[in-house]
Enquirer: 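Take this structure, written in structure tokens, and hold onto it; I'll ask about it next.
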Amino acid sequence: MRILVIGRGGREHAIAWKMAQSALKPELFIAPGNAGMRTVTEQTGAPVTLVNIDENATEALRDFALEKGIDLTVVGPEAALANDIATVFAAAGLRIFAPTAAAARIESSKEFAKDLMQKYHIPTAEYRTFDNYDSAKSYLDEQGAPIVIKYDGLAAGKGVVVAMTAKEADEALRDMLLDNHFGKGKVVMEEFLQGPEFSLLTLVNGEQVVPLVIAQDHKRAYDGDRGPNTGGMGAYSPVPVIPQAQIDWAVEHIMRPTAKALIAEGCPFCGVLYGGLMLTKDGPKVIEFNARFGDPETEVVLPKLKNDLTQMILNVLDNKKVTPEFHPDAFLGVVLAAKGYPGSYVKNIPLNNPASVSQQVFCMGVKEEDGKLHSNGGRVLFVVGRGKTLKEAQEDAYQGVEKMAHPDLFYRNDIGWQATR
Ligand code: AMP
Ligand code: GLY
């Protein structure tokens with residue numbers, strides 16, 4: 001069994017680590033991966049090869065998969081999906097667990113996602129789409145603040161402005177529609193929703209939807225949910241503020257209908273459909289969909305999963321029944337990021353050996369230089385604590401974080417605050 005994992009971050013490290021533990025005794029290839037992922041071999045015994053091919057070099061990845069006889073490919077990053085790697089691999093007769101670019105529009109185009117939800121009555125914030133400033137501004141004058149303004153397209157997580165005042169909203173509209181800050185495009189203006197957020201990852205193939213346990217991310221850079229939005233500074237699972245009945249409701253009324261809607265629209269989904277949901281006073285509503293594993297949610301959800309992930313993905317691809325099972329333990333992980341992130345950040349920070357701590361460490365942005373690991377990105381390491389309770393998992397995680405800390409790295413001290421108060 002030969003597996004190819006595409007991507008280079010903590011998410012892909014966690015996917016490889018989990019898939020490597022399979023009873024199918026797989027051999028893993030990770031393209032391009034990062035030097036910190038070599039520990040997968042020490043931890044699981046599975047051979048791991050880092051392949052020096054960029055995640056965006058779709059044809060080169062296909063040729064590599066054909067040449068090596070790869071049996072299954074799993075894709076992490078959204079950019080690879082937008083390159084339509086799923087269609088390219090399928091055309092070459094290669095098995096791949098990833099949505100086509102057409103299905104991945106549920107993440108890449110906010111307008112596509114919102115129109116789909118409206119047409120199929122999937123609960124989400126009320127919205128309107130605009131491509132010119134004047135009509136957007138009159139809608140703003142009608143609606144007032146707070147209001148949410150989202151650039152329709154990939155904006156590296158910076159295309160969302162939750163405007164608490166009409167002035168802020170107007171600035172965002174000018175920025176996006178007059179100054180074309182992210183390029184010439186449209187904006188979606190949305191009703192402001194309130195409530196705790198959670199991430200519901202599901203393994204999907206056509207109509208089949210297998211929900212994993214939920215997680216909660218922490219998107220803001222600093223303690224107290226302050227500072228700029230980031231890719232995510234920490235995550236934990238389970239999420240006690242969200243009752244199980246609401247999760248079940250979200251699976252039946254959001255995730256399954258969305259999978260069906262994508263079939264009806266002629267772009268059936270295969271891969272991970274990620275619901276970014278908010279529990280409002282009117283029940284769960286969609287904030288956004290992603291067409292891939294979340295990062296860092298994956299790094300706490302997969303440790304909680306009992307099933308053999310490799311077998312599970314193969315079964316989903318074969319449309320066989322899959323029953324997910326989870327460890328009762330709590331998992332909580334903290335990101336160590338380079339000082340300055342999410343702006344321009346310190347580079348090439350020497351790192352302590354992740355294998356020297358008892359906690360599981362997933363390497364997010366890491367490279368090897370002179371035989372030692374160094375940072376290679378904004379988010380660098382993800383340290384996962386485990387415990388009977390979230391409080392214990394939190395203590396465990398921060399013990400590991402302190403050992404991995406460095407003056408040029410920073411981290412939030414309050415990951416899990418909503419669950420450990
Ligand atoms: P997104 O990139 O769409 O996930 O948005 C980033 C963050 O903005 C979300 O995690 C929410 O915290 C916030 N947000 C997005 N849409 C809304 C909304 N309609 N109401 C309130 N907050 C929102
Ligand atoms: N952690 C949020 C995301 O993966 O988009």
Side-chain angles (χ1 to χ4, degrees), residues 7 9-12 14-15 75-79 81 104 106-114 117-118 123-129 143 145-164 168-169 172 176 182 187-201 212 214-221 225-237 239 271-282 284-302 333-335 337 342 362 364 378-379 382 412 415 418:
R11 162 182 57 203
E12 290 78 15
I15 294 169
V75 180
E78 123 91 2
L81 305 176
I106 194 140
E107 171 169 4
S108 61
S109 165
K110 302 239 183 242
E111 188 180 24
F112 174 83
K114 292 300 278 189
M117 287 187 264
Q118 185 173 54
T124 188
E126 296 292 328
Y127 74 101
R128 293 273 301 274
T129 307
Q143 296 294 313
I147 194 162
V148 180
I149 295 170
K150 301 185 177 186
Y151 178 74
D152 185 35
L154 299 177
K158 288 171 191 149
V160 176
V161 176
V162 181
M164 298 313 288
E168 258 180 280
M176 292 181 199
F182 301 108
V187 300
V188 173
M189 292 174 73
E190 262 187 29
E191 169 199 4
F192 172 73
L193 299 176
Q194 274 177 296
E197 290 180 58
F198 60 106
S199 306
L200 174 54
L201 277 59
L212 302 181
I214 65 168
Q216 190 174 64
D217 189 9
H218 297 61
K219 289 215 166 89
R220 301 296 198 96
D225 289 332
R226 274 187 264 269
N229 259 317
T230 70
M233 293 299 292
Y236 64 92
S237 181
V239 186
V272 176
L273 182 62
Y274 160 138
L277 310 179
M278 187 183 271
L279 180 54
T280 72
K281 60 177 182 4
D282 303 318
K285 292 193 180 182
V286 177
I287 294 290
E288 63 162 355
F289 281 116
N290 291 322
R292 50 171 177 80
F293 283 101
D295 193 357
E297 291 93 327
T298 302
E299 293 96 303
V300 292
V301 168
L302 293 185
V334 180
V335 172
F362 292 118
M364 302 186 103
R379 293 192 297 175
F382 191 74
R412 276 181 61 162
I415 299 303
Q418 289 195 48

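Order of listing sets the numbers, starting from 1, for every ligand and every atom in it. Below, all heavy atoms of this structure are taken into account, side chains as well, without hydrogens, waters or symmetry copies. Since this is a predicted model, take the numbers as computed values, not measurements.
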Enquirer: Near Glu191, which atoms of ligand 1 are under 4.0 Å from a heavy atom of that residue?
Expert: 18 (C), 19 (N), 20 (N)
Enquirer: Taking all atoms of both residues into account, what is the closest heavy-atom pair of Ala337 and Met233, and its distance?
Expert: CB-CE, 4.2 Å
Enquirer: Give the atoms of ligand 1, by number and element, whose distance to some non-hydrogen atom of Phe192 is under 4.0 Å.
Expert: 20 (N), 21 (C)
Enquirer: At less than 4.0 angstrom from any atom of ligand 2, which residues have a non-hydrogen atom? List them by chain and residue number.
Expert: Asp217, Gly231, Tyr274, Asn290, Arg292, Gly294, Asp295, Pro296, Glu297
Enquirer: Going by salt bridge (Lys or Arg N to Asp or Glu O under 4.0 Å), Glu190 matches just one of Lys110, Lys150, Lys285. Which one?
Expert: Lys150
Enquirer: Would you mind finding which of Val161, Val286, Val160 brings a heavy atom closest to atom 6 (C) of ligand 1?
Expert: Val160
Enquirer: Just so I know, are the side chains of His218 and Tyr236 near enough to count as touching, which here means a heavy-atom distance under 4.5 Å?
Expert: yes
Enquirer: With salt bridge (charged side-chain N to carboxylate O under 4.0 Å, His left out) as the test, would you mind laying out the steps for Asp152 and Lys114 before giving the verdict?
Expert: CA-CA 10 Å; Asp152 185 35; Lys114 292 300 278 189; over 6 Å; no
Enquirer: Considering non-hydrogen atoms only, spot the tightest contact between Asn229 and Pro342 and give its length.
Expert: O-CG, 3.6 Å
Enquirer: Quick one, Leu302 and Ile15 - any side-chain contact, counting heavy atoms below 4.5 Å?
Expert: yes
Enquirer: Going by distance only, is there an N or O of Leu193 that falls short of 3.5 Å from an N or O of ligand 1?
Expert: yes
Enquirer: Are Lys110 and ligand 1 in contact, using a heavy-atom cut-off of under 4.0 Å?
Expert: yes
Enquirer: Does either side chain, that of Tyr274 or that of Glu107, offer a donor lying less than 3.5 Å from an acceptor on the other one?
Expert: no
Enquirer: Taking the basic N atoms (NZ, or NE/NH1/NH2) and the acidic carboxylate oxygens, is any pair closer than 4.0 Å for Lys219 and Asp225?
Expert: no
Enquirer: Do Phe182 and Met176 come within less than 4.5 Å of each other through their side chains, counting heavy atoms only?
Expert: yes
Enquirer: Which of these, Gln194, Met278, Glu197, Glu126, has its nearest heavy atom closest to atom 11 (C) of ligand 1?
Expert: Glu197
Enquirer: So if I count the atoms of ligand 1 from 1 in the order they appear, which ones are less than 4.0 Å from some heavy atom of Lys219?
Expert: 4 (O), 10 (O)
Enquirer: May I ask you to list the atoms of ligand 1 that are less than 4.0 angstrom from any heavy atom of Lys150?
Expert: 3 (O), 15 (C), 16 (N)
Enquirer: Identify the heavy atoms of Gln216 and Val239 that sit nearest to each other, and give their distance.
Expert: N-CG2, 3.5 Å
